[in-house]
2 protein chains.
Amino acid sequence: MALRADARENRERILTAAREAYALHGIDVPMATIARRAGVGVATLYRRFPTRTALVTEAFAEQLAHCVAALDDGLADPDPWRGFCSVVEQVCLMQASERGFTQAFLTQFPDHAGYAEERARAEEGLARLVRRAQEAGRLRRDFTVDDLTLVILANCGAAGVGPDASRRLVAYLLQSFRAPATAPLPPSVRLELDRIVAP
Amino acid sequence: MALRADARENRERILTAAREAYALHGIDVPMATIARRAGVGVATLYRRFPTRTALVTEAFAEQLAHCVAALDDGLADPDPWRGFCSVVEQVCLMQASERGFTQAFLTQFPDHAGYAEERARAEEGLARLVRRAQEAGRLRRDFTVDDLTLVILANCGAAGVGPDASRRLVAYLLQSFRAPATAPLPPSVRLELDRIVAP
DNA sequence: CGCCAAGTGGACGGTATCGTCCGCTTACCC
DNA sequence: GGGTAAGCGGACGATACCGTCCACTTGGCG
């Protein structure tokens with residue numbers, strides 16, 4: 001049944017607060033902190049989102065949709081290599097700018113039954129993205145779909161530093177993925193070891 | 001003053017237990033768990049290692065020394081590029097096989113005053129390693145020392161999966177670091193998303 | 001052997017987070 | 001405008017971990 005107007009607004013406030021809190025303190029931030037930031041009681045939070053993962057899932061639903069859209073865009077690109085690169089870049093940028101998204105992504109993607117079908121679709125799309133770029137002779141033949149996950153994980157570490165570090169890492173990786181040749185990199189990034197959040 | 005014989009043995013047992021516990025449960029494992037695994041009381045643990053970081057530091061002192069040695073070896077290699085690669089490979093392999101080491105490394109390296117000098121020496125060595133490889137024309141000119149940290153962080157994510165994933169990532173990265181050309185990769189790795197420990 | 005300082009273990013109070021319960025408030029339908 | 005069910009918030013008991021304190025044990029020297 002539909003939520004009452006005030007409840008619906010509170011729900012949105014909670015989701016926003018959760019994203020902010022995750023960005024600031026990582027995904028293990030106490031539920032009470034999120035509730036306080038949203039200006040609601042903990043009970044309200046727990047009523048809407050019974051488990052921590054439920055909240056995380058909903059909080060990043062939009063970001064996840066953005067990733068799926070990026071994949072579709074990449075597949076639609078007439079240039080298979082450009083499509084491939086843009087998918088990798090966009091997803092990694094998302095990881096780096098929306099702190100906590102990656103943890104959410106990795107934590108729940110395995111099980112969460114509701115998304116099994118969406119996940120299968122995504123995997124199929126990724127496989128096509130890779131095959132297409134390889135058939136065009138732009139992506140090295142020994143690249144596998146699993147390497148995409150490897151990129152996600154690698155980027156996870158770099159994302160903790162900031163989008164610049166992530167961009168540079170991705171640029172390095174894409175160059176090694178390309179069949180031959182190299183190209184200039186984004187500027188070097190000063191790494192502040194102190195400010196890394198435990199990914 | 002010197003430790004009593006039984007105390008010395010307990011100390012070793014604690015360090016071993018700590019490494020095991022870190023590998024299994026990550027670096028945030030409760031102190032009591034380590035104590036139990038070592039077969040000692042918590043008081044004993046706290047007396048030897050007053051803070052969590054003190055324990056972590058000592059537990060991985062050997063691994064850290066190994067890294068420093070790897071750097072020296074790399075610098076001693078007559079082939080600057082081979083020396084560069086071996087340092088990167090060895091350090092990353094250490095991260096991947098000794099779970100928890102990276103967290104230790106990153107967590108405390110910034111402050112921990114006692115190691116300031118050792119750290120400075122390491123940084124100087126790394127700078128020389130990079131410069132040497134560049135002057136030999138084997139390492140791209142736009143590579144910076146900070147990129148080495150970037151590699152460490154990127155590897156951190158891959159290391160959570162296992163040494164194979166780490167090796168493949170490092171191979172990719174080293175190829176993009178090299179002034180020109182590519183080479184075959186280690187075999188592809190099946191990534192078990194379920195078994196990733198929060199790095 | 002006997003002393004005693006070094007060493008030990010577990011109990012304990014303190015703190016943080018969890019998730020639920022219950023009495024009060026309020027949106028919305030009539 | 002009034003009734004009612006949906007919604008609310010904060011208090012509360014449970015749980016986990018921390019780090020200390022203290023009464024007991026034991027290695028090793030004289």
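Between the side chain of A:D77 and the main chain of A:G74, no donor-acceptor pair closer than 3.5 Å is present. Using a distance-only test at 3.5 Å, with no hydrogens or angles considered, no donor-acceptor pair links the side chain of A:T33 to the main chain of A:V29. Listed for the B:R138 side chain is no donor-acceptor partner under 3.5 Å among the backbone atoms of B:W81. Without hydrogens or angle criteria, B:R141 side chain to B:Q134 main chain gives a donor-acceptor distance under 3.5 Å.
Taking both residues in full, the closest heavy atoms of B:L150 and A:A158 are given as CD1-CB, 3.8 Å, listed atom of the first, atom of the second, then distance.
Between the side chains of B:T44 and B:N10, not a single donor N or O lies within less than 3.5 Å of an accepting N or O.
A straight line from CZ of B:R36 to P of C:dA11 spans 13 Å, rounded to a whole angstrom. To the nearest angstrom, C1' of D:dC8 lies 13 Å from CG of A:L3.
Within residues 6-16 of chain A, the residues approaching DNA chain D are A:D6, A:A7, A:N10, by heavy-atom distance under 4.0 Å. If you check residues 39-49 of chain B against DNA chain C, the residues with a heavy atom closer than 4.0 Å are B:G39, B:V40, B:G41, B:V42, B:A43, B:T44, B:R47, B:R48, listed by number.
Nearer to the 5' terminus of DNA chain D, by closest-nucleotide assignment, is the contact made by B:D28 (compared with the other of B:D28 and B:R4).
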Please lay out, stage by stage, how A:V170 and A:N155 fare under the test side chain to side chain contact (heavy atoms under 4.5 Å, CB included). CA-CA 7 Å; A:V170 170; A:N155 184 57; 4.1 Å; yes
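Between B:R52 and the phosphate of D:dC18, there is a side-chain N or O to OP1/OP2 separation shorter than 4.0 Å.
Under the 4.5 Å side-chain heavy-atom criterion for grouping Ile, Leu, Val, Met, Phe, Trp and Tyr, A:L75 is connected to A:V91 within one hydrophobic cluster.
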